[in-house]
Asks: 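Got a structure for you, written out below as structure tokens; questions coming shortly.
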Amino acid sequence: RYDKSFELIPKERRYSLFTPEVMNGHGFKEEFNLSGLFPASTGVDFLKSASFVDLLSILPNDYLLKEDKMSMANSLEVRVPFLDHELVELSFKIKSNYKIKGLKTKYILREVFKNKIHPEILNRGKYGFEVPVREWLQNEMKKEVNVLFGSSKLVGDKIFNVSGIREILNEQFEGLRDNSKMIFTLIGLEY
């Protein structure tokens, strides 16, 4: 489930998307799984294991990389105080049931600051710097995407099945399924 949350093209879609020549001729090797980084010890709980894997993988190779590039591009010096090594080490010593209470995340942090930060800010949900791909695909990018995949080089080179791409696009445009991240990945590959 952890690995699946990071998939751009789900395994079950690959056989309908890629041509038989690609699937059979080149064969898909077992890809790298982030869950392989989980500690082998059964004594470590899932939250600590997932946090450790995030610290080794997605944090330095994705989130911090993007933050660094975007802040530098805008002449900003950004700090990440919650990544101070002593604080990170301390956080790994804290039991998970003190970090999450029911569905309330960052429990200790929220408790410490409950009288210092306005409740509206303290209790609001987490949000990142998401690109509004879903909205773009329903509006201004819809026609461009149809044109792009109507004369797809990846289809012409027998990498993708036109029917697989069309199925993914139709599901998106008809509101049947949110395939926006997968389509955005395919757009990048096509270009």
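For the single chain, residues carry numbers from 1 onward in sequence order.
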Asks: Any non-hydrogen side-chain atom of Ile183 less than 4.5 Å from a side-chain atom of Val133?
Replies: no

Asks: Are there over 12 heavy-atom neighbours, none belonging to Tyr63, within less than 6.0 Å of that residue's OH?
Replies: no

Asks: Report yes or no: do Glu171 and Asn179 form a side-chain donor-acceptor pair below 3.5 Å?
Replies: yes

Asks: Please set out all donor-acceptor pairs under 3.5 angstrom arising from side-chain atoms of residues 81-89, sequence neighbours excluded.
Replies:
from: Asp84; atom 1: OD2; to: Glu86; atom 2: N; distance (Å): 3.1
from: Asp84; atom 1: OD2; to: Leu87; atom 2: N; distance (Å): 3.3

Asks: Please name all residues satisfying side-chain hydrogen bond (donor to acceptor under 3.5 Å, both in side chains) with Ser51, sequence neighbours left out, ordered by chain then number.
Replies: none

Asks: Should the pair Lys142-Glu140 be classified as a salt bridge under the 4.0 Å nitrogen-to-oxygen rule?
Replies: no

Asks: Is it true that Arg177 and Glu167 make a salt bridge, defined as a side-chain N closer than 4.0 Å to a carboxylate O?
Replies: no

Asks: Say whether Asn139 and Arg134, considering side chains only, have a donor N or O and an acceptor N or O under 3.5 Å apart.
Replies: no

Asks: Taking C-beta and beyond as the side chain, do Leu189 and Phe160 meet within less than 4.5 Å on heavy atoms?
Replies: yes

Asks: Considering only heavy atoms from C-beta outward, does the side chain of Phe149 approach that of Leu169 to under 4.5 Å?
Replies: yes

Asks: What pairs meet the side chain to side chain donor-acceptor pair (under 3.5 Å) rule with one or both residues in residues 155-164, with sequence neighbours excluded?
Replies: Lys153-Asp157

Asks: Taking a hydrophobic cluster as the set of Ile, Leu, Val, Met, Phe, Trp and Tyr residues connected by side-chain heavy atoms closer than 4.5 Å, whether directly or through intermediates, do Ile121 and Ile108 fall within one such cluster?
Replies: yes

Asks: Please state whether the rings of Phe184 and Trp136 are parallel, tilted or perpendicular, taking 30° and 60° as the class boundaries.
Replies: tilted

Asks: Using atom types as modelled, flag every donor-acceptor pair under 3.5 Å from a side chain in residues 64-74 to any protein atom, sequence neighbours excluded.
Replies:
from: Lys66; atom 1: NZ; to: Asp62; atom 2: OD1; distance (Å): 2.9
from: Ser71; atom 1: OG; to: Glu67; atom 2: O; distance (Å): 2.8
from: Ser71; atom 1: OG; to: Asp68; atom 2: O; distance (Å): 3.1
from: Asn74; atom 1: ND2; to: Met70; atom 2: O; distance (Å): 2.8

Asks: Take Leu186 and Ile9 through the side chain to side chain contact (heavy atoms under 4.5 Å, CB included) test and state the conclusion after the steps.
Replies: CA-CA 9 Å; Leu186 295 173; Ile9 301 174; 4.1 Å; yes

Asks: Are Tyr107 and Lys101 packed together at the side-chain level, in the sense that at least one heavy-atom pair is separated by less than 4.5 angstrom?
Replies: yes

Asks: For residues Ile94 and Lys48, determine if any side-chain heavy atom of one lies less than 4.5 Å from a side-chain heavy atom of the other.
Replies: no

Asks: By the side chain to side chain donor-acceptor pair (under 3.5 Å) test, which pairs, at least two apart or in different chains, include something from residues 182-191?
Replies: Glu144-Tyr191, Ser152-Glu190

Asks: Given the rule that I, L, V, M, F, W and Y join up when any side-chain heavy atoms are under 4.5 Å apart, are Tyr98 and Val112 in one cluster?
Replies: yes

Asks: Hey, could you give me each pair passing salt bridge (charged side-chain N to carboxylate O under 4.0 Å, His left out) that has a residue in residues 105-114? Not counting sequence neighbours.
Replies: Glu111-Lys114

